[in-house]
Colleague: 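One structure follows; several queries about it will come next.
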Amino acid sequence: MKTNNSDNYTKWQKSFERETKIDLNEASSETDEGIEIKPVYTKADIENLSFVDNDSLPGQLPYTRGPKASMYTNRPWTIRQYAGFSTAEESNDFYKKNLKSGQKGLSVAFDLPTHRGYDSDDDLVMGDVGKAGVAIDTVEDMKILFNDIPLDQMSVSMTMNGAVLPVLSSFIVAGEEQNVNKNLLSGTIQNDILKEFMVRNTYIYPPDPSMKIVADIIEFTSKEMPKFNSISISGYHMQEAGADNVLELAYTLADGMEYVRAALSKGLDIDDFAPRLSFFFAIGTDFFMEIAKLRAARTLWYKIMKDFGAKNEKSMILRTHCQTSGVSLTEKDPYNNIIRTSYEALSAILGGTQSLHTNSFDEAIALPTDESARIARNTQLILQNETGVTNTVDPLAGSYFIESLTDELSKKAWEIIEEIESLGGMTKAVKAGVPKLKIEESATKKQAKVDSGSRVVVGVNKFKNPKEPKVDVRVIDNNKVRDDQIKKINDIKASRDQKAVDESLAKLVNAAKEDSNLLACSIDAIKKRATVGEVSKALEQVYGRHFATSLSVSGVYGKHFEGDEDFMNVTKKVNIFEEENGRRPRVLVVKMGQDGHDRGAKIVATSFADMGFDVDMGPLFQSPKDVAKDAIENDVHAIGVSTLAAGHKTLVPELMKSLKEIDPKSKIIVFVGGVIPEQDYDFLYKNNISAIFGPGSNIIESAEKVIDLISDKIHKNN
Amino acid sequence: MQLVEKIIKGERAAIAKAITLVESSRENDKKESRKLISELLNKPGKSIRVGFSGPPGVGKSTFIESFGRYLVEKNYKLGILAIDPSSQITGGSILGDKTRMIEISKNPNTFIRSTPSRGSLGGISIGTREASIILDAAGYDFIFIETVGVGQSEIMATNLVDIFSLIVGPGSGDELQGIKKGITEYADIFIVNKNDGDLKSEASKTASDYKSAISYYKKSNDTADKEVLLVSAIEQTGMEKVIETIKNIVSQNKKNKNFDERRAKQFNYWIEEEVREIIQFNIQKKIKADGSISKFSQKVMDGKIQMFEAIEAITKNLQSK
């Protein structure tokens, strides 16, 4: 830490210590990232910084102050709201409404089966069709999605990573059939597979072929689609999964480096594709840290790209989309989420984002309604039109604190980047599972801070609302959506030229074997009306489907509760339970269906184990039948189902049925945690669910409830 | 006993409950467990019990998934007992084996049970032997016992299985010097995993290191030869050779009575262990009831008597009771 020796400073220190009765050396706080935050910053803190250049201006290297000289004074950031609802028709309606009310770009959310390359009629995806996004099975769905939306004028962002080939192909063919040539299409495809292996788990193939697909897309678009961003390198999902800002920043940039290398290996010139690389960061509630993160990201990317030998200025500039943090939203006292989102949005803007999505306040519970989506969009309209934040570029530049924090974050992130590089780059690190484990460790620490009360979350662990407001949420009839999609698939399969489809798929398989560019072949198959699932399965023949192995952290949660009364109380109950029953309470924690967000499940598993439970961890993407077999063979006392993608109404009753099928006398109790709207509680209780834990539930309290439920059940049976 | 019938019929829930019973630390359960096992021993199946061990990170579970898939595709019934370490501090555990056995755990021809080690030293948990007897009676063709870590656990595991195999990774040949003695003595098969991609040449080298290491081990003439095999769990190669080797060793050992001798020895060891446990349990009770240890230790602390005198006095006192 830099020290200031001026007389003024000494005088200030004395006053500070007199007022606070705390020694200045002990008055700092420490962030999740392990960065010391001092009560005051001075000029001394911004002298001789390692990464930040105090004399640089916006649009000048190292681009800390923004990618453009004029920034929002010329044109404000793009309001880009991410949305997708069940069917293409519904989503299309929603997009058109939004475009009328001031939104400038589109951002499509797909449902999980589409992400994982399954058609809606696949048995494996029974509970997932149309949940958390739009189902796309064929190019016909894609055409409906953009009906009356001119694709040569509208920039479209698509969150797609696993099934990138068929989905991007469908987009290109939909454009073509609207008479828009692909060289006029603008927008972004996420196409960031590395982070899927770390956190989001919507991959299809193993890491190496997945990286080949990324490189193919970069190659194809750099030649044929000059206005299209070939990749959106995303840290967002890392922060959502619990990564602190240094991890998010470092891993995202390290991912970026790996994609650059993959594209270079195709023989491309760096300046031919690098300008089309874009980024995507999460903006959480740590106000100044988030601002510093965006400034640090640009600073570091400049350095990275210069080291790669980029010559074109545009190759060295990091452009980013941002989204306010979903994980910061709470189910309790949900209107607070509007306020959280507003501050997060302001952070993103002061950090200099190019586009922004603001979350709707009800997203901790369900997909947004028209009303909550309007409030979310208005958050940005008010910032753009009422607050004056667009009048000055990078208004916080020169702040001792911000500049010092930017530099500090850069330094810490750079250390981690070097660590990943020393492992041989991100693909290798991902295969070894290192980043995933680090993120889970960080997530567990954060959860422990909230549960122990050392971090305040208003309305959750402090200042609780005695009268929780009732919120109306969007309801989706999953079975109807699925039936409609299946009918559409059948119609198309009946009317298409099957021979042409088979031939095009065979060509795709050959291309995969011969290692030639897959996107061109995939476009052809989609044009012939092959389905998203068929294209994905064709490649699966060559590459196989990837199953991730899963490591778990241990002891991280418990460490925060040494001597904590509630915690000790649960461990004591566990020990008594063991004495009485001859074994520890045993819980199987599972995810079912195609929902790969496993942060919650992992945190529950590690913290329950820290409290002395025996915890069975189920693999991802299990069917209810698999879960039942697993639970019964291991004779667990309870199953905890983690659900974040609205599949619970289909999958949980299936699980209860499967348990009874294997063991009609099964005494296993089932509890559910995650994103569950209150309207569904009755339904679940009627299906004999013993407990429901919404987002923000205190894990220690939950563990106690679970052990009590188990004990009750045992006593009742005796 | 109804439970016995259900187990023999292969009812999944009954098998699971029976394993819970034999793993239980409750005194009543232990008595019932002994009764159950006695009955099941009268109705033995035909299973071959294979132990798998190896250092962390060599892909034990991944190998078992891959080899297991190979076996169930050939219509064998496969039982797997996987032992995961319990935390020393909290006593809890995370049992994650099934995240690495995705395909076989779905298969109706498998029964997969994870068990926390509960601080038992050898990595073999209380009840593993009994659990394998239950699966045997239930008609499983193969029973795999997967243990944690290296060292003591292998030696314990050899008391439970017909064939013991050690899974190692490429490049582990260098560590061989240090662990050679115990392992070469106890393992029947050495499986060098990750014989794929960039690691292929390293894996071959490791295999020949092991081959030369086991040549030092002087075997008695009638036992089956130890084998070193190269496999790739992710590419599912070399699996045929593994099953062939297992079958060969079993038939050879059966021919020369080695198989039965080994089982007899294990039986002997088991009874000894049970007797020891009961005696130990009784002594523990006596010590608790007697309470003289703390009195004597205070006297030692105060310098009133010497430590060895105290030990002798306490022992004499307990034996007389």
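Letters A, B, ... mirror the listed sequences (proteins, then strands); counts begin at 1. Please read all numbers here as calculations on a predicted model, not as lab measurements.
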Colleague: Pair B/Glu65, A/Phe547 - check side chain to side chain contact (heavy atoms under 4.5 Å, CB included), show working.
Modeller: CA-CA 12 Å; B/Glu65 157 88 358; A/Phe547 293 102; over 6 Å; no
Colleague: Below 4.5 Å from any heavy atom of chain B, which atoms of A/Arg583 appear? Answer side chain, backbone, both or neither.
Modeller: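 Contact with chain B: backbone and side chain both.
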Colleague: Write out all pairs satisfying ring pair (Phe, Tyr, Trp, His ring centres under 6.0 Å) with one or both partners inside residues 74-93 of chain B, taking only residues at least two apart or from two chains.
Modeller: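 Those involving residues 74-93 of chain B are B/Tyr76-B/Phe142.
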Colleague: For B/Thr110, is it the side chain, the backbone, both, or neither that has a heavy atom closer than 4.5 Å to a heavy atom of chain A?
Modeller: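 Its backbone and side chain both get close to chain A.
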Colleague: Strictly distance-based, threshold 3.5 Å: is any side-chain N or O of A/Asn634 a donor or acceptor partner for the main-chain N or O of B/Ser114?
Modeller: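 Checked: pair present.
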Colleague: Taking side-chain contact (heavy atoms from CB on, under 4.5 Å) as the test, write out the residues that go with B/Gln236, two or more places apart.
Modeller: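 In terms of side-chain contact (heavy atoms from CB on, under 4.5 Å), with neighbours along the sequence ignored, B/Gln236 is linked to B/Ser66, B/Arg69, B/Tyr70, B/Met239.
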Colleague: Heavy-atom distance under 4.5 Å to chain A: side chain of B/Glu11, backbone, both or neither?
Modeller: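 No part of it gets close to chain A.
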Colleague: Could you tell me if the side chain of B/Ile94 sits less than 4.5 Å from the side chain of A/Thr606, heavy atoms only?
Modeller: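 Side-chain contact under 4.5 Å: yes.
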Colleague: Is there any residue in residues 655-668 of chain A with a non-hydrogen atom under 4.5 Å from a non-hydrogen atom of chain B, and which ones are they?
Modeller: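 When heavy atoms of chain B are the reference, residues 655-668 of chain A contributes A/Ile662, A/Asp663, A/Lys665 within the under-4.5 Å range.
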Colleague: For the pair A/Lys629 (side chain) and B/Pro108 (backbone), establish whether a donor and an acceptor sit closer than 3.5 Å, ignoring hydrogens and angles.
Modeller: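 Here the side-chain-to-backbone pair does not exist.
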Colleague: Pick one of side chain, backbone, both or neither for A/Asp626, based on which atoms fall under 4.5 Å of a heavy atom in chain B.
Modeller: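 The side chain, not the backbone.
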Colleague: As an exercise: rank B/Ser105, B/Ala13, B/Gly91, B/Ser61 by heavy-atom pairs under 4.5 Å with chain A and give me the winner.
Modeller: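 Going by pairs under 4.5 Å, I would pick B/Gly91.
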Colleague: If you look only at pairs with a residue in residues 192-202 of chain B, which of them pass as a side-chain hydrogen bond (donor to acceptor under 3.5 Å, both in side chains), with sequence neighbours excluded?
Modeller: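 Output for this query lists B/Asp196-B/Ser232.
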Colleague: CG of A/Asn581 to OG of B/Ser25: how many Å apart, nearest 0.5 Å?
Modeller: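 The CG atom of A/Asn581 sits 9.0 Å away from the OG atom of B/Ser25.
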Colleague: Do any N or O atoms from the side chain of B/Arg12 and from the backbone of A/Ile632 form a donor-acceptor pair under 3.5 angstrom?
Modeller: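 Between the backbone of A/Ile632 and the side chain of B/Arg12 there is no qualifying donor-acceptor contact (under 3.5 Å).
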Colleague: So which of B/Asn28, B/Leu95, B/Ile15 has the biggest tally of heavy-atom pairs under 4.5 Å with chain A?
Modeller: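 It is B/Leu95.
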Colleague: Would one find more than 12 heavy atoms of other residues, nucleotides or ligands at under 6.0 Å from atom NZ of A/Lys625?
Modeller: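 No.
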Colleague: Can you say whether A/Val627 sits under 4.5 Å from chain B via the side chain, the backbone, both, or neither, judging by heavy atoms?
Modeller: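 It is neither, since no heavy atom gets under 4.5 Å.
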Colleague: Please identify, among B/Met101, B/Lys106, B/Lys30, the residue contributing the most non-hydrogen atom pairs under 4.5 Å to chain A.
Modeller: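 Option with the top pair count is B/Lys106.
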Colleague: So does A/Ala609 get a backbone contact from the side chain of B/Thr90, meaning a donor-acceptor N/O pair under 3.5 Å?
Modeller: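 Yes; judged by distance alone, with no hydrogens or angles, the pair exists.
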Colleague: Rounded to the nearest 0.5 Å, what separation is found between the OG atom of B/Ser24 and the CD atom of A/Glu578?
Modeller: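 Here the rounded value is 9.5 Å.
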Colleague: Okay, side chain of A/Glu633, backbone of B/Arg113: is any donor-acceptor separation there less than 3.5 Å?
Modeller: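 Such a contact is absent between A/Glu633 side chain and B/Arg113 backbone.
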